[in-house]
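Shown next, in structure tokens, is the structure this report addresses.
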Amino acid sequence: MHIRRLRESRGLSMEELADRSGMSFRGIAYIEHGRRNPSLLSLLQIAAGLGITPGRLLEFEPSPEHGNAMPSSNS
């Protein structure tokens with residue numbers, strides 16, 4: 001998930017996203033840092049706080065430092 005990138009691209013701090021989504025700062029931090037897997041309700045709340053559709057949170061976008069993490073079709 002790329003919650004941090006989406007949040008930062010909107011100029012939001014974790015505190016602001018927590019307020020907008022109705023979640024705790026700690027909950028947002030744990031999800032962003034991979035310490036907790038978000039529930040479906042948390043994903044819906046975060047999407048609402050970011051002003052995006054929930055599906056945007058699940059879109060795959062390879063990061064430049066990791067390259068294309070998708071398996072190739074040449075296997």
Side-chain angles (χ1 to χ4, degrees):
M1 262 183 271
H2 46 241
I3 294 169
R4 180 178 181 179
R5 189 167 34 81
L6 290 166
R7 175 181 57 76
E8 289 176 345
S9 73
R10 286 160 177 71
L12 297 173
S13 67
M14 280 196 275
E15 293 91 351
E16 290 169 322
L17 178 56
D19 287 342
R20 287 175 168 220
S21 62
M23 295 179 63
S24 69
F25 168 82
R26 182 172 285 176
I28 295 292
Y30 280 3
I31 291 168
E32 274 197 15
H33 296 284
R35 295 183 65 195
R36 187 176 113 197
N37 290 322
S39 66
L40 179 57
L41 179 58
S42 294
L43 288 175
L44 294 173
Q45 290 174 300
I46 291 168
L50 291 169
I52 61 173
T53 62
R56 276 289 307 280
L57 294 174
L58 305 175
E59 290 175 359
F60 174 77
E61 293 181 27
S63 61
E65 64 271 9
H66 295 110
N68 187 352
M70 297 282 289
S72 70
S73 58
N74 298 336
S75 318

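In the hydrophobic clustering of ILVMFWY residues, with side-chain heavy atoms under 4.5 Å counting as a link, Leu17 and Tyr30 come out apart. Leu44 is not connected to Leu12 by any chain of hydrophobic side-chain contacts under 4.5 Å among Ile, Leu, Val, Met, Phe, Trp and Tyr, and they are in different clusters.
For Gln45, the side-chain hydrogen bond (donor to acceptor under 3.5 Å, both in side chains) criterion is met by no residue, not counting sequence neighbours.
For Ile46 against Met23, the heavy-atom pair with the smallest separation is CG1-SD, 3.6 Å.
You'll find the side chain of Pro38 reaches within 4.5 Å of the side chain of Leu43, heavy atoms only. Between Ile52 and Glu59 the shortest side-chain heavy-atom distance does not fall below 4.5 Å.
The environment of CZ in Arg10 is crowded: more than 12 heavy-atom neighbours from other residues, nucleotides or ligands sit within 6.0 Å.
Of the inter-residue distances, the one linking His33 atom NE2 with Ile3 atom CD1 reads 11.0 Å to the nearest 0.5 angstrom. Taken from OG in Ser42 to CG in Leu57, the straight-line distance is 11.0 Å, to the nearest 0.5 Å.
Legend: salt bridge (Lys or Arg N to Asp or Glu O under 4.0 Å) pairs involving residues 14-24, not counting sequence neighbours: none detected. Identified under the salt bridge (Lys or Arg N to Asp or Glu O under 4.0 Å) test for residues 32-49, with sequence neighbours left out: Arg7-Glu32.
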